[in-house]
There are 2 protein chains.
Amino acid sequence: MGEVTDKNQSLNEREQSILHHVVYNYIQTAIPVGSRYISKHFESSLSAASIRNVMADLEELGFLSHPHTSAGRVPTDLGYRFYIDYLMEMQQLGDDEKLRIHQQLDQTNDADEMLRETSKLLGKISHQLSIVTSPHLSSGVFEKIELIPITSSKLLVVISIRTGIVRTIMMEVGVEVRRDHLDQVGRLLNERLSGLTLHEIRDSFVDRVRDMQSEQTGLIRLFIESVDQLFTDSKERDKVLIGGTKNIIEHPEFIDPKNFRSVIELIENEDIIVHLLEKHDELQKGFVVTIGAENKDETAKEYSFVTGTYDVEGVTGRVGIIGPTRMNYSKVIPLVDYVAQTIAKMLSA
Amino acid sequence: MGEVTDKNQSLNEREQSILHHVVYNYIQTAIPVGSRYISKHFESSLSAASIRNVMADLEELGFLSHPHTSAGRVPTDLGYRFYIDYLMEMQQLGDDEKLRIHQQLDQTNDADEMLRETSKLLGKISHQLSIVTSPHLSSGVFEKIELIPITSSKLLVVISIRTGIVRTIMMEVGVEVRRDHLDQVGRLLNERLSGLTLHEIRDSFVDRVRDMQSEQTGLIRLFIESVDQLFTDSKERDKVLIGGTKNIIEHPEFIDPKNFRSVIELIENEDIIVHLLEKHDELQKGFVVTIGAENKDETAKEYSFVTGTYDVEGVTGRVGIIGPTRMNYSKVIPLVDYVAQTIAKMLSA
DNA sequence: ACTGAGCACTCGTACTCATTGAGTGCTTAC
DNA sequence: GTAAGCACTCAATGAGTACGAGTGCTCAGT
């Protein structure tokens with residue numbers, strides 16, 4: 001409770017301590033915390049009036065704010081940021097929760113299914129919205145391609161990645177293609193593309209199959225046209241799973257129907273989330289926290305995102321949670337981190 | 001407005017007419033309709049007092065109810081039912097809307113993708129929750145199976161159905177299986193299962209492969225164990241797509257946060273919906289409307305379901321909408337009906 | 001026997017107003 | 001720099017009131 005790091009900038013020890021208490025309490029209770037309360041419960045050595053002085057300073061520095069004159073203090077985004085970076089103590093994940101995570105995720109070996117389970121799980125444990133993105137296959141290493149005729153005009157293309165993840169795409173072909181020709185094209189593609197990443201393939205596909213273009217059926221031409229569909233992470237396909245709406249709306253911030261709308265908007269408008277997650281990807285591997293207005297989007301400016309990367313031989317994706325900026329970071333961050341690592345392990349097994 | 005059918009039971013013409021007006025108006029405005037209002041706007045020949053008498057009768061018969069003494073009348077579930085069955089006039093779908101539906105659904109030829117588009121579309125046009133189930137493959141006719149080794153211990157099973165729909169399942173195999181053996185098993189399965197429905201296959205699979213069980217790798221044994229996973233519509237897999245939350249919460253019924261919760265509950269708890277849709281399947285092909293408490297589920301007792309079947313050579317699924325019992329049935333029913341027919345056409349093309 | 005006018009009654013909604021109490025900010029004394 | 005005192009602000013609460021929509025019932029007219 002009283003520990004204070006000093007690798008920080010502008011705040012002296014007392015200021016840090018009081019900021020800590022304000023943030024901590026507000027996260028727990030959702031009610032603005034007043035000077036008197038802190039004096040009574042935490043800093044008995046200081047009077048309420050002194051604490052008020054410090055609080056006024058913290059407010060001027062942008063760490064705290066005031067809903068209205070006669071209310072207690074509430075952390076700003078900057079306040080949360082300082083709290084997370086310097087003050088907060090991570091809360092170890094309980095063994096029971098670890099067990100629960102493993103049990104839930106052990107149920108299946110289908111990657112998609114597992115990600116769905118992950119989404120449900122994160123939502124329930126964290127009481128926040130959960131977000132799980134399917135893996136970005138672009139940087140995955142091509143293992144092999146398989147072409148399966150479905151009807152005379154439809155072709156199922158199965159691309160498998162070294163980690164054991166597969167992508168299946170239904171392709172419309174104009175004319176009927178003979179099975180042996182299909183096999184032949186498949187064999188050639190496998191030879192030429194083996195060992196490359198999907199990303200590399202997309203960029204160099206045309207060159208690699210240039211000499212094949214003269215073949216009769218135009219199958220290769222079709223592949224060239226569809227190269228983006230086959231080898232790129234389209235936003236359409238790489239959907240993000242969002243779950244746990246039921247859990248999140250229990251939070252007191254959602255008594256106000258306005259906030260209610262905003263969270264629904266966020267859920268329905270996946271694009272916003274996808275876009276903000278891209279920012280997370282750019283930031284770094286490992287876990288990332290963005291708070292409130294740090295998310296450069298109007299709709300998300302009252303929410304925090306906590307996400308972690310899972311990485312299976314270069315194929316990466318993100319799992320995480322979204323919730324009101326007032327959330328239990330010290331508990332949620334380790335949770336997200338652990339879940340990310342766990343599914344990475346599961347997927348590579 | 002004034003048309004009154006007489007193929008009905010207990011209600012005389014005047015009662016029907018007034019019931020009609022009450023339901024119609026309440027659907028439009030969401031405010032309880034009073035006797036005076038009807039007298040003024042629709043039945044000028046009758047005084048408010050007379051209309052009150054009729055309303056009292058309708059209430060006693062269970063078609064109308066009273067939020068409280070000094071409020072107007074509101075239809076009960078039974079009132080809506082009578083309205084839909086005998087009074088309502090279907091509203092033709094506009095050409096612009098038909099066009100919009102076609103344009104949106106023409107974008108893709110991937111079945112899953114198309115169903116997702118359908119979901120979005122229905123939600124937007126109807127301003128209700130949209131529901132779309134993926135096709136029940138059980139009654140589809142087996143076309144062929146394809147076994148594709150992914151890693152040494154993982155196998156992708158592709159089952160294609162006559163209509164061109166495919167199901168892919170990732171299977172864990174204990175030991176490594178040689179490619180030629182895989183091909184051999186695949187060939188045999190194709191020979192023996194061809195032309196049967198998945199349903200038939202599930203029931204008779206063990207008999208049909210009895211003589212193959214002695215082969216070395218135990219692959220057949222594995223198939224027998226997984227027969228449910230492969231040939232049955234599991235509730236896990238046959239997910240129902242739900243969309244349009246944003247649209248539905250604009251309705252005035254959702255100013256009350258309690259209703260808000262209930263709709264979220266409904267969305268999160270897909271099982272409830274799946275279960276209620278099964279009831280729809282039992283009822284009949286074509287469109288089905290269930291109103292409020294007709295849905296045998298506590299959570300759904302204030303919502304109506306309107307769904308239609310799409311049928312592609314025996315493979316069927318449902319599309320539809322969910323909304324407050326107060327919904328514009330005369331518009332929504334033709335919409336659902338039309339969309340169902342359209343995607344059936346699209347899928348079989 | 002049906003219709004409709006009149007009237008008392010109910011009840012939810014909206015509005016005002018005073019009270020309360022938490023909490024601040026400032027001033028002043030130590 | 002610390003704390004005590006005090007005036008001030010402002011949201012929340014609840015009581016009181018007026019309003020009005022709408023019903024239910026009665027009774028007179030046709």
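Quick note on labels: first sequence line is chain A, next is B, and so on, each numbered from 1.
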Exercise: do A:Asn328 and A:Ser330 side chains pair donor with acceptor under 3.5 Å | yes

Quick one: is D:dG22 close enough that its OP1 or OP2 comes under 4.0 Å of any side-chain N or O from B:Arg73?
-> no

Heavy atoms under 4.0 Å, any strand shown: does A:Ser45 hit a base, just sugar-phosphate, or nothing?
-> sugar-phosphate

Could you tell me whether the phosphate oxygens of D:dC10, OP1 or OP2, come under 4.0 Å of any side-chain nitrogen or oxygen in A:Ser70?
-> no

B:His251 NE2: over 12 foreign heavy atoms closer than 6.0 Å = yes

Interatomic distance, B:Ile31 CD1 vs D:dG20 C1' [rounded to whole Å] = 14 Å

Considering only heavy side-chain atoms of B:His66, the closest of D:dT23, D:dA4, C:dT3 is D:dT23

Given A:Tyr80, A:Phe42, A:Tyr83, A:Tyr26, the one that forms ring-ring contact (aromatic ring centres under 6.0 Å, His included) with A:His20 | A:Tyr83

Nucleotide D:dA11, atom C1' - distance to CG of A:Asp256 in whole Å = 15 Å

Separation of atom CD1 in A:Ile38 from atom C1' in C:dT24, rounded to whole Å = 14 Å

Report the distance from atom CG of B:Asn25 to atom P of D:dG22, rounded to the nearest whole Å.
-> 12 Å

Please determine if a side-chain N or O atom of A:Thr69 lies less than 4.0 Å away from the OP1 or OP2 oxygen of D:dC10.
-> yes

DNA chain C: 5'-proximal contact among A:Asn53 and B:His68 (nearest heavy atom) = B:His68

Can you find a side-chain donor-acceptor pair between B:Ser119 and B:Ser130 that sits under 3.5 Å?
-> yes

Expressed in angstrom and rounded to an integer, what is the separation of B:Ile51 atom CD1 from C:dG4 atom P?
-> 9 Å

B:Ala49 near the nucleic acid: base, sugar-phosphate alone, or nothing, with a heavy-atom cut-off under 4.0 Å?
-> base

Do A:Glu268 and B:Thr245 have side-chain atoms, one donor and one acceptor, less than 3.5 Å apart?
-> yes

Pair of N/O donor and acceptor under 3.5 Å linking C:dG25 base with A:Arg52 side chain = yes

Taking only side-chain nitrogens and oxygens of B:Arg14, does any of them come within less than 4.0 Å of OP1 or OP2 of C:dT3?
-> yes

Check every atom of C:dG25, D:dG24, D:dA4 against the side chain of B:Ala56 and return the nucleotide holding the closest atom.
-> D:dG24

Figure out the CG/P separation between B:Leu64 and D:dT23, and round it to whole Å.
-> 11 Å

For the pair made of CG in B:Asn12 and C1' in C:dA1, what is the distance, rounded to whole Å?
-> 14 Å

Spacing between A:Glu59 atom CD and C:dG23 atom P, to the nearest angstrom = 15 Å

